[in-house]
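Source: prediction; values computed, not measured.
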Amino acid sequence: MGKVADATAAALTGTPAADGYRMPGEFESHAGTWMLWPERGDTWREDAAPAEEAFARVAAAIVEEEPLTVGVSSRRLARARSCLPGAVAVVELESDDAWMRDVGPTVVIDGAGGRRAVDWTFNAWGGAAHGLYSEWRSDDAVAAAVASIEGMPRYRAPLIQEGGGLHTDGAGTVFVTEECVLSVGRNAGLGRDACEDLLKAYTGAGQVVWLPRGVFADETTGHVDNLLHVPAPDLVMLSWTDDADDPQHPRSAEALAVLETACDLGGNPYRIVKLPMPGPLHMTEEEADGLNPAVGSKPRAAGDRLAGSYANFYLVEGRVLVPLLDPRTDDTACRIIADALPDREVVGIPAREILLGGGNIHCITQQIPAAKPQ
């Protein structure tokens, strides 16, 4: 067990693009994965005990295939260590919640084997306008701390952005939603052109594919990783419902229309595979009663629609970790993913407890790409 020192190293000047770095695809080789440990009482019910069980299952499935480090507050170190497999590295790391995808660094690589961290500006998914809680300083410091532990130089990006708001094909295209990046609580004042320039500068991308909206009722204001996944350079897997009366239907249809006309930087169209949506799913009265509401935080109530999505899976070495959310659709979703990714073992993990907190397996993980000279 390690203890994290404050990450005080100054951020780099310049940008990843100018320095020859790019954001690799999640499907490229990993050096390891990072997670955070759940604790927040207004997010995780029953003192986070059910969430701890779900997080531990995800951790076990990861560490069997690649190194895993979990950041844990000083208050929960013993609990985390008792729940996690012995092979997991546990470090003391303060955060405001457990969404490592969003608060951790986006790691970029170059052709010589170099790795650097992009530390996006974080404001709890929308600050005073539509953020989920009113204090986020610890979250905003996580990326710098992880970069320090990993020994990576760090860029501080002047864009309010979360890792869950980005996907990439690893070959110069990034995917985002307008609903998220241009939300009033993030970057509406900058405008789309300026945001696109910054996205390219800090991911090394040559183009940005803008999808209009994300998943209905997604409290992140439309994160792209809940709408779709890019698990191979030429493949996009899109959350889909055939129910024209479901408010998700027009959102997925809008995304499909954009994706059908999108091409990679080489001019090649993407293969598009539809993933069924679970549910609709809703928070139960028992689940809501187990929460500890807090002033300044998003209220969660019985009957709230949950933004469930099978696209919120995570790729590890040789595996794809798929959230199991609905017995009516779990098997179909896993089969579609298995057919699309035949070289990966599909590992289904019961994930409703993660969904109750507002995200899923992709949201609680962040890969550290392998540094491989090309």
Side-chain angles (χ1 to χ4, degrees), residues 25-27 101 164-171 173-180 208-218 220 222-264 268-281 305-315 319-349 351-352 354-355 359-363:
E26 187 178 314
F27 47 82
R101 174 69 48 180
L166 292 170
H167 258 307
T168 181
D169 66 358
T173 299
V174 294
F175 299 80
V176 301
T177 72
E178 295 180 5
E179 181 182 19
C180 176
V208 178
V209 174
W210 292 87
L211 293 311
R213 296 182 289 175
V215 169
F216 177 72
D218 188 339
T220 66
H223 269 186
V224 76
D225 75 341
N226 218 29
L227 177 69
L228 59 81
H229 205 295
V230 188
D234 64 341
L235 175 62
V236 177
M237 304 193 77
L238 174 66
S239 297
W240 185 263
T241 176
D242 288 321
D243 182 359
D245 294 326
D246 191 308
Q248 180 56 37
H249 186 270
R251 290 168 170 260
S252 293
E254 291 168 351
L256 179 63
V258 173
L259 292 170
E260 286 179 332
T261 62
C263 292
D264 66 18
N268 305 300
Y270 293 96
R271 293 184 294 131
I272 304 167
V273 173
K274 295 177 180 177
L275 281 173
M277 297 286 291
L281 305 173
R305 177 153 169 172
L306 306 172
S309 167
Y310 294 110
N312 208 300
F313 59 77
Y314 179 55
L315 303 178
R319 282 183 169 177
V320 50
L321 311 186
V322 180
L324 301 180
L325 300 168
D326 186 340
R328 297 167 293 183
T329 47
D330 286 346
D331 288 347
T332 299
C334 287
R335 176 183 53 77
I336 292 171
I337 293 170
D339 289 346
L341 304 174
D343 295 333
R344 292 183 183 269
E345 175 193 9
V346 173
V347 179
I349 299 175
R352 182 175 175 91
I354 308 173
L355 177 59
N360 227 288
I361 295 174
H362 196 256
C363 304

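The salt bridge (charged side-chain N to carboxylate O under 4.0 Å, His left out) test applied to Arg344 returns no partner, not counting sequence neighbours. Evaluation of the salt bridge (charged side-chain N to carboxylate O under 4.0 Å, His left out) rule for Asp326 yields Arg328 as partners, not counting sequence neighbours. Arg352 meets the side chain to side chain donor-acceptor pair (under 3.5 Å) test with Glu287; sequence neighbours excluded. Judged as a ring pair (Phe, Tyr, Trp, His ring centres under 6.0 Å), and not counting sequence neighbours, the contacts of Tyr270 are Phe175. For Tyr310, the ring pair (Phe, Tyr, Trp, His ring centres under 6.0 Å) test picks out no residue, with sequence neighbours left out. Contacts of Asn312 classified as side chain to side chain donor-acceptor pair (under 3.5 Å), with partners at least two apart in sequence or in another chain: Asn226. Considering only residues two or more places apart in sequence or on other chains, Asp242 meets the side chain to side chain donor-acceptor pair (under 3.5 Å) condition with Trp240. Taking Asp246 as the reference, Arg305 meet the side chain to side chain donor-acceptor pair (under 3.5 Å) condition, with sequence neighbours excluded.
Under the 3.5 Å distance criterion, the side-chain polar atoms of Thr261 are matched with a main-chain donor or acceptor of Val258. At least one donor-acceptor pair closer than 3.5 Å links the side chain of Ser239 to the backbone N or O of Leu227. Of the possible donor and acceptor atoms, none in the side chain of Arg319 sits under 3.5 Å from a partner among the backbone N and O of Glu345.
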Step-by-step side-chain hydrogen bond (donor to acceptor under 3.5 Å, both in side chains) determination, Thr220 to Asp218: CA-CA 5 Å; Thr220 66; Asp218 188 339; 2.7 Å; yes
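Pairing each heavy atom of Pro323 with each of Asn360, the nearest pair is CB-OD1, 3.1 Å. Closest heavy-atom contact between Thr329 and Pro278: OG1-CA, 3.5 Å. Here the closest non-hydrogen pair linking Met277 and Gly308 is CE-O, 3.3 Å. Across all non-hydrogen atoms, the minimal contact from Leu256 to Lys274 is CD2-CE, 4.0 Å. Scanning all heavy atoms of the two residues, the minimum distance from Phe313 to Val320 falls at CD1-CG2, 3.4 Å. Of all the heavy atoms in Leu238 and Ala255, the pair that sits closest is CD1-CB, 3.9 Å.
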Distance-only check: which donor-acceptor pairs under 3.5 Å involve side-chain atoms of residues 332-339, not counting sequence neighbours?
none

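The shortest side-chain heavy-atom distance between Thr177 and Trp210 does not fall under the 4.5 Å cut-off. Counting heavy atoms from C-beta on, the side chains of Leu306 and Leu325 never come closer than 4.5 Å. Arg101 is not listed as a side-chain neighbour of Leu166, based on a closest heavy-atom distance of 4.5 Å or more. Taking 4.5 Å as the limit, some side-chain heavy atom of Gln248 sits within range of a side-chain heavy atom of Val215. Side-chain contact check for His167 versus Val236: every heavy-atom pair is 4.5 Å or farther apart.
Annotation: the span from Leu275 atom CG to Ser309 atom OG amounts to 7.0 Å, rounded to 0.5 Å. Between the CG atom of Leu315 and the CD1 atom of Ile361 there is a distance of 11.0 Å, given to the nearest 0.5 Å. Between atom OG of residue Ser252 and atom CG of residue Leu259 there is a gap of 10.0 Å, rounded to the nearest 0.5 Å. Note: His249 NE2 to Phe216 CZ = 14.5 Å, rounded to the nearest 0.5 Å.
Under a cut-off of 6.0 angstrom, the local environment of CG in Asp234 is crowded, with over 12 non-hydrogen atoms contributed by other residues, nucleotides or ligands.
When ring centroids are compared, His223 and His362 stay outside the 6.0 Å threshold.
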